[in-house]
A.B. asks: 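Let me give you the structure first, and then I'll get to my questions.
In this chain, numbering begins with 1 at the start of the sequence shown. Everything quoted here is computed from the prediction, not taken from an experiment.
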Amino acid sequence: QVQLVENGGGLVQAGGSLRLSCAASGRTFSSYAMGWFRQAPGKEREFVAAINWNGGRTYYKDSVKGRFSISRDNPKNTVYLQMNSLKAEDTAVYYCAADSNPHGSSGYADYDYWGQGTQVTVSA
């Protein structure tokens with residue numbers, strides 16, 4: 001069992017930056033790939049970024065490439081999402097997720113555990 005708690009959301013102006021963090025419980029954090037998803041009002045939850053178990057491989061949604069960066073600190077059981085050059089269309093609830101397949105995936109159904117989400121609002 002893995003419990004995930006996100007932090008770092010908030011209100012920011014377009015062009016600004018935020019860093020989300022996700023703290024995981026349990027002693028097997030390093031065996032999981034981690035992902036970030038988001039869901040805007042009236043839309044389906046979508047993949048944003050993922051990172052494999054040791055941080056050696058990362059994956060991104062095309063629209064966030066070059067602006068967002070996912071990283072992890074295994075000794076701290078934490079995964080991060082650095083978001084720069086934020087746009088109004090990045091506004092959503094952001095969710096952290098853990099995948100027992102250590103290689104990482106962009107597929108929603110592949111993830112086994114989810115956090116409660118943190119709101120990110122970008123004002124135009």
A.B. asks: Is Ile70 close to Val79 at the side-chain level, that is, under 4.5 Å between some pair of heavy atoms?
C.D. replies: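 The answer is yes; the side chains approach within 4.5 Å.
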
A.B. asks: Hey, is the main chain of Arg57 close enough, under 3.5 Å, to the side chain of Asn52 for a donor-acceptor pair?
C.D. replies: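 Side chain of Asn52 to backbone of Arg57: a pair is present.
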
A.B. asks: So how far is it from Leu81 CG to Thr118 OG1, rounded to the nearest 0.5 Å?
C.D. replies: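 Answer for the CG-OG1 pair, Leu81 versus Thr118, is 11.0 Å.
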
A.B. asks: Decide yes or no for Asn54 and Arg72: does some side-chain heavy atom of the first lie under 4.5 Å from some side-chain heavy atom of the second?
C.D. replies: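 No, their side chains stay 4.5 Å or more apart.
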
A.B. asks: Taking atom CG of Asn77 and atom OG of Ser30, what is their separation to the nearest 0.5 Å?
C.D. replies: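 One finds 8.0 Å between CG of Asn77 and OG of Ser30.
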
A.B. asks: Is Leu20 close to Glu6 at the side-chain level, that is, under 4.5 Å between some pair of heavy atoms?
C.D. replies: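 Not touching, per the 4.5 Å side-chain cut-off.
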
A.B. asks: Does the side chain of Leu4 reach to within under 4.5 Å of the side chain of Met34, using non-hydrogen atoms?
C.D. replies: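 Yes - at least one pair of side-chain heavy atoms lies under 4.5 Å apart.
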
A.B. asks: Work out which heavy atom in Tyr111 is nearest to a heavy atom in Ala50; give both atom names and the distance.
C.D. replies: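 Result for this residue pair: OH-CB, 3.4 Å.
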
A.B. asks: Quick one: does Val2's side chain get under 4.5 Å of Phe29's, heavy atoms only?
C.D. replies: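 Not in contact.
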
A.B. asks: Kindly say whether Val122 contributes a backbone atom to a donor-acceptor pair with the side chain of Thr91 at under 3.5 angstrom?
C.D. replies: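 Yes; judged by distance alone, with no hydrogens or angles, the pair exists.
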
A.B. asks: With sequence neighbours excluded, tell me which residues meet side-chain hydrogen bond (donor to acceptor under 3.5 Å, both in side chains) with Gln3.
C.D. replies: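 Listed in chain order: nothing, the list is empty.
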
A.B. asks: Rounded to the nearest 0.5 Å, what's the gap from CD on Gln116 to SG on Cys96? Could you check?
C.D. replies: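 Reported to 0.5 Å precision, the distance equals 9.0 Å.
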
A.B. asks: Could you check whether any side-chain heavy atom of Ser100 comes within less than 4.5 Å of a side-chain heavy atom of Tyr32, counting everything from C-beta outward?
C.D. replies: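 Result yes, sub-4.5 Å side-chain heavy-atom pair found.
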
A.B. asks: For Pro102 and Ala33, which heavy atoms make the closest approach, and how far apart are they?
C.D. replies: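 Result for this residue pair: O-CB, 3.7 Å.
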
A.B. asks: Between Ser71 and Ile51, what is the shortest heavy-atom contact and its length?
C.D. replies: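 Here Ser71 and Ile51 meet closest at CA-CD1, 3.7 Å.
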
A.B. asks: Does the side chain of Asp110 reach to within under 4.5 Å of the side chain of Asn101, using non-hydrogen atoms?
C.D. replies: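 Asp110 does not reach Asn101 side chain to side chain.
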
A.B. asks: Not counting sequence neighbours, which residues clear side-chain hydrogen bond (donor to acceptor under 3.5 Å, both in side chains) with Asp73? List them please.
C.D. replies: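 For Asp73 there are no side-chain hydrogen bond (donor to acceptor under 3.5 Å, both in side chains) partners, ignoring immediate neighbours.
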
A.B. asks: side-chain hydrogen bond (donor to acceptor under 3.5 Å, both in side chains) with Lys87: which residues, sequence neighbours excluded?
C.D. replies: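 Lys87 satisfies side-chain hydrogen bond (donor to acceptor under 3.5 Å, both in side chains) with no residue once adjacent residues are dropped.
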
A.B. asks: Identify, with sequence neighbours excluded, every residue that meets side-chain hydrogen bond (donor to acceptor under 3.5 Å, both in side chains) alongside Asp90.
C.D. replies: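 By the side-chain hydrogen bond (donor to acceptor under 3.5 Å, both in side chains) rule, Asp90 matches Arg38, Arg67.
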
A.B. asks: Would you mind listing every ring-ring contact (aromatic ring centres under 6.0 Å, His included) that reaches into residues 39-87, with sequence neighbours excluded?
C.D. replies: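 As it turns out, the ring-ring contact (aromatic ring centres under 6.0 Å, His included) pairs with a partner in residues 39-87, which skip direct neighbours, are Phe37-Phe47.
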
A.B. asks: Same hydrophobic cluster for Val48 and Val93, using side-chain heavy-atom links shorter than 4.5 Å among ILVMFWY?
C.D. replies: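 Cluster IDs for Val48 and Val93 differ.
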
A.B. asks: For Lys61, give me all partners under salt bridge (Lys or Arg N to Asp or Glu O under 4.0 Å), at least two apart in sequence or on another chain.
C.D. replies: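 With sequence neighbours excluded, Lys61 shows a salt bridge (Lys or Arg N to Asp or Glu O under 4.0 Å) to Glu46, given in chain and number order.
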
A.B. asks: Is a side-chain donor-acceptor pair under 3.5 Å present for Asp99 with Ser105?
C.D. replies: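 No - no donor-acceptor pair under 3.5 Å links their side chains.
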
A.B. asks: Val120, Trp36: one ILVMFWY side-chain cluster at the under-4.5 Å cut-off?
C.D. replies: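 Val120 and Trp36: one cluster.
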
A.B. asks: What distance do Asn84 atom CG and Arg19 atom CZ have between them, rounded to the nearest 0.5 Å?
C.D. replies: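 So the gap between those two atoms works out to 11.5 Å.
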
A.B. asks: For residues Leu18 and Tyr94: do they belong to one hydrophobic cluster (side chain heavy atoms under 4.5 Å, members Ile, Leu, Val, Met, Phe, Trp, Tyr)?
C.D. replies: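 Result: yes, single cluster for both.
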
A.B. asks: Is Gln39 reaching over with its side chain to a backbone N or O of Ala92, donor-acceptor style, under 3.5 angstrom?
C.D. replies: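 Answer holds: no.
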
A.B. asks: Would you say the side chain of Arg45 lies within less than 4.5 Å of the side chain of Tyr108, judging by non-hydrogen atoms?
C.D. replies: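 Yes, side chains in contact.
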
